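So the structure is just underneath, and the comments pick up after that.
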Amino acid sequence: MPDGPMQVEILPDADAVAARAAQVIAAAARAAVAARGRFALAVSGGHTPWVMLRRLAAEDVPWPGVEVFQVDERIAPDGDAERNLTHLRESLRAAPLSAAQVHAMPVDDADAALAARRYAAQLRDVCGSPPVLDLVHLGLGPDGHTASLVPGDAVLSVYAVDVAPTAGKYQNRRRLTFTYPILDRARQILWVVTGAEKVDALRRLRAADASIPGGRVRQ
């Protein structure tokens, strides 16, 4: 489980961050498969993470034991350029993963609450009850959001379930998102943060400032 203090690495540019993050994930995958026969990874979206996953595809990873989940997803049609899944699949195209190893959030379901329950059930099937992920990759927005836990949304107060829809739209889309309980149970959290516009949010994250969503994730 995540347990402080947070270890921080500062690298010269976004490509270096992506490469280092891929190395961290690959090492965690090898350790998890050796210990438990499976590596359950959950990933967030963003430009640097897509580079990270392309780098990961070239790393020494025990791919038959890997299960990939989504931290959050926009409610948008399959194949939409705004869907994290579209980029996740493209970024991992070179990795020897079967379709069954990539667990897509079922945002095509018209009932968002039902979709969230279905995804929570997938997590339990693979990762136990309650589900424990080996590594969760998170990003951080300039406003301090992480996953789709955004300032002011009622989803910030959802603790009874591991996956929930946002109450409102963020950047014109409702989302499905992991909630705090499943993030806090993860064996490892990997924060990947790039961009000068996020300096203040990162400072507040490192201080565990609960006034931003990211600061409420267990360190």
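Computed from a predicted model, the values in this text were never measured in an experiment.
- Of the residues listed (L133, L138, L135), the one engaging I189 in a side-chain contact (heavy atoms from CB on, under 4.5 Å) is L138, and it is the only one.
- The closest side-chain heavy-atom distance from R55 to M52 is not below 4.5 Å.
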request  = For the pair V43 and Q70, evaluate side-chain contact (heavy atoms from CB on, under 4.5 Å) and give the outcome as yes or no after the intermediate values.
outcome  = CA-CA 5 Å; V43 295; Q70 292 187 270; 5.6 Å; no

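- With a 4.5 Å cut-off on side-chain heavy atoms, P130 and R124 do not count as touching.
- No path of Ile, Leu, Val, Met, Phe, Trp and Tyr side chains, each step under 4.5 Å between heavy atoms, connects I10 with V192, placing them in separate hydrophobic clusters.
- Salt bridge status for R74 with D80: absent, with no side-chain N to carboxylate O gap under 4.0 Å.
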Chi angles and distances behind the side-chain contact (heavy atoms from CB on, under 4.5 Å) call for R175, R173 = CA-CA 6 Å; R175 320 288 183 99; R173 295 280 190 186; 3.9 Å; yes

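- Heavy atoms of other residues, nucleotides or ligands lying less than 6.0 angstrom from CZ of R36 number more than 12.
- A salt bridge does not link R218 with D184: every distance from a Lys NZ or Arg NE/NH1/NH2 to an Asp or Glu carboxylate oxygen is 4.0 Å or more.
- Heavy-atom minimum distance, P165 versus A112: CB-CB, 3.8 Å.
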message = Let's go through V68 and H103 carefully: what are the C-alpha distance in whole Å and the side-chain angles of both, what is the deciding distance for side-chain contact (heavy atoms from CB on, under 4.5 Å) to 0.1 Å, and is it a yes or a no?
response = CA-CA 6 Å; V68 181; H103 302 270; 5.7 Å; no

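- The same ILVMFWY cluster, assembled from side-chain heavy atoms under 4.5 Å apart, contains both V161 and V71.
- A salt bridge links R20 to E9: at least one charged side-chain nitrogen sits closer than 4.0 Å to a carboxylate oxygen.
- Linking ILVMFWY side-chain heavy atoms closer than 4.5 Å, directly or via other members, places I182 and L41 in two distinct hydrophobic clusters.
- Within the 3.5 Å criterion, the main-chain N or O of L140 finds a donor-acceptor partner in the side chain of K198.
- In this structure, D78 CG and L85 CG are separated by 6.5 Å, a value rounded to the nearest 0.5 Å.
- Distance check: Q188 CD to Q7 CD gives 8.5 Å after rounding to the nearest 0.5 Å.
- Rounded to the nearest 0.5 Å, atoms CG (L176) and CZ (R118) are 10.0 Å apart.
- Taking the charged nitrogens against the carboxylate oxygens, R185 and D162 do have a contact shorter than 4.0 Å, which makes a salt bridge.
- Y170 has its ring centre less than 6.0 Å from the ring centre of H145.
- Between G141 and A201 the shortest heavy-atom distance is O-CB, 3.5 Å.
- T48 and T194 share a side-chain donor-acceptor pair at under 3.5 Å.
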side-chain contact (heavy atoms from CB on, under 4.5 Å) evaluation trace for R187 with V132 = CA-CA 7 Å; R187 292 186 172 92; V132 176; 3.6 Å; yes

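- A57 and W63 get closest at one heavy-atom pair: CA-CZ2, 3.8 Å.
- Considering only heavy atoms from C-beta on, L97 comes within 4.5 Å of V66 through its side chain.
- Ring geometry for W50 versus H87: interplanar angle under 30°, hence parallel rather than tilted (30 to 60°).
- We find the CG-CG distance between L156 and L149 to be 6.0 Å, quoted to the nearest 0.5 Å.
- Between L205 atom CG and D200 atom CG the span is 11.0 Å, to the nearest 0.5 Å.
- Looking at heavy atoms from C-beta onward, I212 lies in side-chain contact with R204 at the 4.5 angstrom threshold.
- Once rounded to the nearest 0.5 Å, the distance linking CZ of R216 with OG1 of T146 reads 12.5 Å.
- No more than 12 heavy atoms of other residues, nucleotides or ligands lie within 6.0 Å of CZ in R206, so this atom counts as exposed by the packing criterion.
- Taking the side chain as every heavy atom from C-beta outward, F178 and S148 never approach each other to under 4.5 Å.
- Side-chain contact, D72 with T177: no donor N or O sits under 3.5 Å from an acceptor N or O.
- Closest heavy-atom contact between P213 and Y180: O-OH, 2.7 Å.
- In this structure the side chain of V8 never reaches within 4.5 angstrom of the side chain of W191, judged on heavy atoms.
- Of all non-hydrogen atoms in P62 and A29, the two that sit nearest each other are CG-O, 3.8 Å.
- Looking at D153, its side chain does come within 3.5 Å of a backbone N or O of A167 through a donor-acceptor pair.
- Atom CG of N172 sits in a sparse spot, with 12 or fewer heavy atoms from other residues, nucleotides or ligands closer than 6.0 Å.
- Transitive grouping of hydrophobic side chains (ILVMFWY, heavy atoms separated by less than 4.5 Å) keeps I25 and V136 in distinct clusters.
- Across every non-hydrogen atom of E59 and A22, the tightest pair is CG-O, 4.1 Å.
- In terms of hydrophobic clustering, with Ile, Leu, Val, Met, Phe, Trp and Tyr side chains grouped at heavy-atom distances under 4.5 Å, L123 and V158 are assigned to a common cluster.
- When side chains are defined from C-beta on, M105 counts as touching V163, because their heavy atoms get closer than 4.5 Å.
- Using a cut-off of 4.0 Å between Lys/Arg side-chain N and Asp/Glu carboxylate O, R83 and E73 are scored as salt-bridged.
- Looking only at side-chain heavy atoms (C-beta outward), V17 and V193 stay at 4.5 Å or farther from each other.
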